[in-house]
Amino acid sequence: MKRQTAEDLLILAKKHLETVQTSWDPVDWGDLSHYGLYCLEAAIKAAAIKLGWNIKPSHYDKSKVAERLSKEKGLSDIGDLLWTLNNARKSIAYGDVEMPELDPEDIVIQIEDYVEAIESLINQKEW
């Protein structure tokens, strides 16, 4: 298995972001929830790798790293957004979770802003 770098993961996050940006008007909740979640998680993992932080491949651990990024690096607190997107994804994929009420444009803006913040963090010269 290839070891991913922070830069590899940022590229992946941006690829997922492209899908997110085309899935909100008209809204495709399947793509928006899936790729929105994958985009944020790839960005979180990119930052964790760049910072030398350990990260496990679970939604929960990625949300904890996002919380740490918020507290220690001043990034937006996206914990609620992660769980909301995960619940929307489960609602669509499995039908066993109620679909949360969401504003697709707001979600896209939050995801775009977060990816930009992660990119800025990764491109910093000093930690």
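- Here the CG atom belonging to Asn87 is positioned 11.0 Å from the CD1 atom belonging to Ile92, to the nearest 0.5 angstrom.
- The side-chain contact (heavy atoms from CB on, under 4.5 Å) search around Ser76 returns Ile78, Tyr114, not counting sequence neighbours.
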Checking Trp29 against Trp24 for the side chain to side chain contact (heavy atoms under 4.5 Å, CB included) test, could you report, in this order, the C-alpha distance in whole Å, the side-chain angles of both residues, the deciding distance, and whether it holds?
CA-CA 8 Å; Trp29 285 116; Trp24 75 273; over 6 Å; no
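- Rounding to the nearest 0.5 Å places CG of Asp77 at 10.5 Å from CG of Leu69.
- Under the salt bridge (charged side-chain N to carboxylate O under 4.0 Å, His left out) criterion, Asp31 pairs with no residue at all, not counting sequence neighbours.
- Residues forming a side-chain contact (heavy atoms from CB on, under 4.5 Å) with Arg68 (at least two apart in sequence, or on another chain): Trp53, Glu72.
- With hydrogens and angles ignored, the 3.5 Å screen pairs no side-chain donor or acceptor of Thr19 with any backbone N or O of Tyr35.
- Atom OG1 in Thr22 sits 8.5 Å away from atom CG in Asp28 (nearest 0.5 Å).
- By the neighbour-count criterion of 12 heavy atoms within 6.0 Å, atom CG of Asp96 is densely surrounded, having more than that number from other residues, nucleotides or ligands.
- Under the salt bridge (charged side-chain N to carboxylate O under 4.0 Å, His left out) criterion, Glu67 pairs with Lys64, Lys71, sequence neighbours left out.
- Taking CG from Asp113 and CD1 from Ile118, the interatomic distance works out to 12.0 Å, rounded to the nearest 0.5 Å.
- Within the structure, salt bridge (Lys or Arg N to Asp or Glu O under 4.0 Å) contacts touching residues 4-21 (residues at least two apart or in different chains) are Lys2-Asp8, Glu7-Lys50, Lys14-Glu119.
- Heavy atoms from other residues, nucleotides or ligands lying under 6.0 Å from CG of Asp25 number more than 12.
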Just do the side chain to side chain contact (heavy atoms under 4.5 Å, CB included) check on Thr5 and Ile49 with the steps written out, would you?
CA-CA 7 Å; Thr5 66; Ile49 288 172; 5.6 Å; no
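- A donor-acceptor distance shorter than 3.5 angstrom exists from the side chain of Ser70 to the backbone of Leu75, with no hydrogens or angles considered.
- Atom CG of Leu37 sits about 11.0 Å away from atom CG of Leu32, to the nearest 0.5 Å.
- Ser120 places a side-chain N or O within 3.5 Å of a backbone atom of Glu116 that can act as its donor or acceptor partner.
- In this structure, the side chain to side chain donor-acceptor pair (under 3.5 Å) partners of Glu112, at least two apart in sequence or on a different chain, are Gln21.
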